[in-house]
Amino acid sequence: MNASFRIGVTGVNGQVGNAIQELSKQFPEVTWTFLDREEMDLSDTANIVAHFAANQYTHFISCAAYTAVDKAEQESELSDKINHRAAAEIATQCAQQNATLIHLSTDYVYHNGVDRPLLESDPTQPQGVYAQTKLLGDHVALANNPKTIILRTSWVYAPIGKNFVHTMLRLGQERESLRVVFDQVGTPTYAPHLAQAILDIIQSPVLQGAPEEWSGIYHYSNEGVTSWFDFAIAIFALAELDCQVFPITSAEYPTPAQRPTYSVLNKAKIKQRFDLSIPHWHTGLANCLQTISLTSSF
């Protein structure tokens, strides 16, 4: 990686931000700045402006977001500040520094009833505050900085943090059986694989071209397709936990915010544009459980 790169990363305590921090150790020649809520409060745009005034970047990776999907229904103002208005300000500041912005987004913005792998050009129809504010953030990031890449991803998990894998491992030890929805279909994304893809993109010679050749929206998830029900079964099988899983419908497990029933992402664009090779979700899950097992007994 180029020694002149100065890369900022928000959400260092989150799943993807933490994974990028781990990978950054392979590039000591780069000037890295990792930001948590104390260093950059995304609910305060003045704080964002002040930070950029004191720091210069060539690339900025925006991993932090308001991701409490159900809680967002009661905290719409805070969700909008972090997912929408902060994204607008970060993009503006990046544009002023001629910095490339990589902004993480979500499969939740689609929710359009399409039952084949989703394209970046497909219509969006966000349901709920979280999805709506994330989509607004995508729009303003693209509008405010011509050197912006939006990465929409799905079902992110990691060896750290609160996520489906950790929840299943905990419940699988506490209970003899669980009920898990089977009618929501998508693809799990292992955070370290997404982090590696982001760093591969930053190093890609494609970014040396004119922004109109590479900026825009891209999809990234691991390869393959599954349901939450089948994902849970795979977790228990690999972790060797004896917990029976019963399939239920989404209607049997109501939540304040509606989830997409089908959000498999078509990744042909990102693979072709940046020459990426994407691992299968089985590989990501195996890597995750192996990492967790080295630090705990589940």
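Sequence positions, counted from 1, serve as the residue numbers for this chain.
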From F52, F34, W32, residue fulfilling ring pair (Phe, Tyr, Trp, His ring centres under 6.0 Å) relative to F60: F52
If we count only N and O atoms by modelled type, under 3.5 Å, do the side chains of S154 and D107 hold a donor and an acceptor together? no
Between atom CH2 of W155 and atom CG of N163, what is the distance when rounded to the nearest 0.5 Å? 13.5 Å
Can Q196 and D200 be counted as having a side-chain donor-acceptor contact under 3.5 angstrom? yes
Measuring from I235:CD1 to L241:CG, what's the distance to the nearest 0.5 Å? 10.0 Å
Any idea which heavy atoms bring H280 and G224 closest together, and the distance? NE2-CA, 3.6 Å
With no hydrogens and no angle check, do the side chains of S79 and T133 hold a donor and an acceptor under 3.5 Å apart? yes
Using 0.5 Å steps for rounding, measure from the CZ atom of F229 to the CG atom of D183. 11.5 Å
Ring centres under 6.0 angstrom apart (F27, F5): no
How long is the straight-line distance from CD of E75 back to OH of Y130, given to the nearest 0.5 Å? 15.0 Å
Closest approach of T92 to N144 (non-hydrogen atoms, all atoms of both residues): OG1-ND2, 3.1 Å
Ignoring hydrogens and geometry beyond distance, is a side-chain donor-acceptor pair present between Q290 and S293 at under 3.5 Å? no
State, to 0.1 Å, how close P279 and Y220 come at their nearest heavy-atom pair, and which atoms those are. CD-OH, 3.9 Å
What heavy-atom pair brings P188 and T226 nearest, and what distance separates the two atoms? CD-CG2, 3.5 Å
Salt-bridged, R152 to E120, with N to O below 4.0 Å? no
Please check if any side-chain donor atom of Q97 sits under 3.5 Å from a side-chain acceptor atom of Q93, or the reverse. no
Is it true that R85 and E77 make a salt bridge, defined as a side-chain N closer than 4.0 Å to a carboxylate O? yes
Distance-minimising heavy-atom pair for P159 and C288: N-SG, 3.7 Å
Do you know the tightest heavy-atom contact between Y190 and N222? N-OD1, 2.8 Å
When rounded to the nearest 0.5 angstrom, what is the spacing between CG in L23 and CG in L199? 5.5 Å
Rounded distance [0.5 Å steps], OH in Y218 versus CG in N266: 13.5 Å
Is it true that W281 and F231 have ring centroids separated by less than 6.0 Å? yes
Could you go through Y110 and Y262, starting from their C-alpha distance and side-chain angles, then the distance that decides it, and tell me whether this counts as ring pair (Phe, Tyr, Trp, His ring centres under 6.0 Å)? CA-CA 9 Å; Y110 293 107; Y262 188 91; over 10 Å; no
Just wondering, do V30 and S24 contact through their side chains at under 4.5 Å, heavy atoms? no
